[in-house]
There are 2 protein chains.
Amino acid sequence: MPDDIKVNRRAGGLSRGQIIAAAIEVLDETGEEGLTFRVLASRLATGPGTLYWHIANKEDLLAEAADVMVRALPAPMGAPAEAIPQIALWVYDLLDAHPWLGGPLTRTPPPLALLRLYEALGRQLQALQVAPDRQFTGATLLGSYILSESRQNAANRAIGQDRTTFLDEVAASWQALDATDFAFIRSLSARLSSHDDRAEFLGGIALILNGLR
Amino acid sequence: MPDDIKVNRRAGGLSRGQIIAAAIEVLDETGEEGLTFRVLASRLATGPGTLYWHIANKEDLLAEAADVMVRALPAPMGAPAEAIPQIALWVYDLLDAHPWLGGPLTRTPPPLALLRLYEALGRQLQALQVAPDRQFTGATLLGSYILSESRQNAANRAIGQDRTTFLDEVAASWQALDATDFAFIRSLSARLSSHDDRAEFLGGIALILNGLR
DNA sequence: GACTCGTGTGGAACGGCGTTCCATATAGCG
DNA sequence: CGCTATATGGAACGCCGTTCCACACGAGTC
């Protein structure tokens with residue numbers, strides 16, 4: 001299966017692209033754990049064995065699905081100092097709408113989808129005239145923060161129940177911790193459920209950019 | 001199974017602590033995927049069903065194992081500006097020695113082990129006189145960067161082969177990317193295999209602290 | 001137009017997983 | 001000395017990713 005260019009000669013034949021598109025549908029509907037080869041095969045009206053002719057394994061499938069999503073990253077507009085928060089928010093909203101992306105994006109080695117993100121961030125750092133030996137650190141820092149926060153936020157709402165009630169429960173469990181061992185955590189718990197996530201998130205981005213200057 | 005205080009009355013009885021200790025042994029030897037209830041049970045000379053009397057499920061077991069590891073975090077010494085890199089490096093080395101920690105530490109909601117880490121970082125931020133409304137952002141930023149980098153580094157070496165040859169392969173695959181779409185990534189690939197990970201890592205920490213000032 | 005062969009197909013089966021079930025054993029208590 | 005809650009452990013359940021293999025089809029060759 002060397003090239004994707006080679007199209008299936010069969011009439012109603014399955015293509016790699018169709019499989020990935022169907023996988024994304026299933027992932028959006030039932031999450032990462034809901035995607036199995038059996039349900040995917042039945043949705044495509046075939047058997048599990050057929051899928052393995054087109055894709056190597058589940059890891060491969062997830063990486064490709066993630067890449068499809070990240071390819072939609074729009075070209076940033078405006079000054080670099082504005083473009084970076086713009087990219088950050090785009091990723092934040094992407095993972096909010098498709099929480100399953102959290103898994104496939106954070107693998108070793110970094111999947112292509114993640115490289116696209118780093119590329120976009122790195123270019124803005126270059127445009128910001130960040131010193132070359134700081135670009136690596138800066139891109140890594142931005143990327144890890146963006147992904148970690150987006151993942152966390154996405155996971156919060158993937159639980160199924162309402163996001164605010166979930167955060168309230170977490171805050172309550174933090175309040176129940178030992179008062180001396182977890183003084184700082186407890187002081188955070190009030191802030192946890194009331195704060196504006198996106199504003200908080202953008203604050204972190206601004207902090208990084210501030211440090212890069 | 002309300003309290004841990006209640007000790008097994010049986011002679012050679014199994015305790016929750018013994019199970020967790022054995023689990024950590026298996027995890028250190030064979031990684032997260034190597035830990036199954038069957039191998040854990042056979043190591044403890046019992047059946048899988050017995051384990052479920054003492055622990056709720058695998059997630060519970062992993063969270064508790066992670067907590068045991070993070071509890072060993074030493075009390076930071078010296079000025080706060082030195083204590084934070086100190087904590088960061090401790091986590092970095094911990095995950096380097098026990099790569100399986102990467103998984104259990106990054107769950108939703110944040111496991112107790114992770115809260116311990118945030119507590120330690122937050123206290124240093126307070127000592128650094130960081131404004132209260134920036135402590136949350138700062139701790140989150142530090143935590144996400146420390147964990148992400150440590151995880152990445154740990155995963156690199158968990159592959160089995162030598163770390164440098166692994167990074168060389170990654171660098172080569174980056175060089176093979178499209179020259180215009182991935183100009184920034186390609187410019188990074190040279191730096192990837194030659195750089196000093198720990199120095200790079202500390203550079204990122206310094207950058208965050210710089211931004212907080 | 002028949003033959004053939006590489007390209008696809010799909011359902012059964014494999015081995016392993018987390019977890020549950022249940023018959024059984026044991027230790028403390030009335 | 002029974003009784004009962006505690007604790008055990010092996011069998012079994014349902015599901016997973018993946019492999020296997022018998023088979024169908026479409027295009028090139030004579």
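So you know, we letter chains A, B, ... as the sequences are listed, proteins then strands, and number each from 1.
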A side-chain contact here means heavy atoms from C-beta on lying under 4.5 Å apart; do A:L35 and A:L61 qualify? yes
Within the structure provided, determine whether B:D197 and B:F201 are in side-chain contact (heavy-atom separation under 4.5 Å). no
Between the protein and nucleotides 17-21 of chain C, list the N/O to N/O atom pairs that are separated by less than 3.5 angstrom.
from	atom 1	to	atom 2	distance (Å)
C:dG18	OP1	B:L35	O	3.4
C:dG18	OP1	B:K58	NZ	2.7
C:dG18	OP2	B:F37	N	3.1
C:dG18	N7	B:R38	NH1	2.9
C:dG18	O6	B:R38	NH2	2.7
C:dT19	OP2	B:Y52	OH	2.8
C:dT19	OP2	B:K58	N	2.9
C:dT19	O5'	B:Y52	OH	3.0

Value in whole Å for how far the C1' atom of D:dG17 lies from CD of A:E32: 14 Å
Could you state the atom-to-atom distance from CG of B:L44 to P of D:dG9 in whole Å? 10 Å
Please determine if B:R191 and B:E200 form a salt bridge, counting it only when a charged side-chain N lies under 4.0 Å from a carboxylate O. no
Do the charged groups of A:R16 and A:D60 touch, with an N to O distance under 4.0 Å? yes
Please report the distance, rounded to the nearest Å, between NE2 in A:H54 and P in C:dG8. 7 Å
Could you check whether the rings of A:F136 and B:H195 sit parallel, tilted or perpendicular, using 30° and 60° as the cut-offs? perpendicular
Expressed in angstrom and rounded to an integer, what is the separation of B:R16 atom CZ from D:dA7 atom C1'? 16 Å
Rounding to an integer number of Å, can you tell me how far A:L14 CG sits from C:dT7 P? 17 Å
Is any side-chain heavy atom of A:L125 closer than 4.5 Å to a side-chain heavy atom of A:I84? yes
B:W53 vs D:dA7: side-chain N/O to OP1/OP2 distance below 4.0 Å: yes
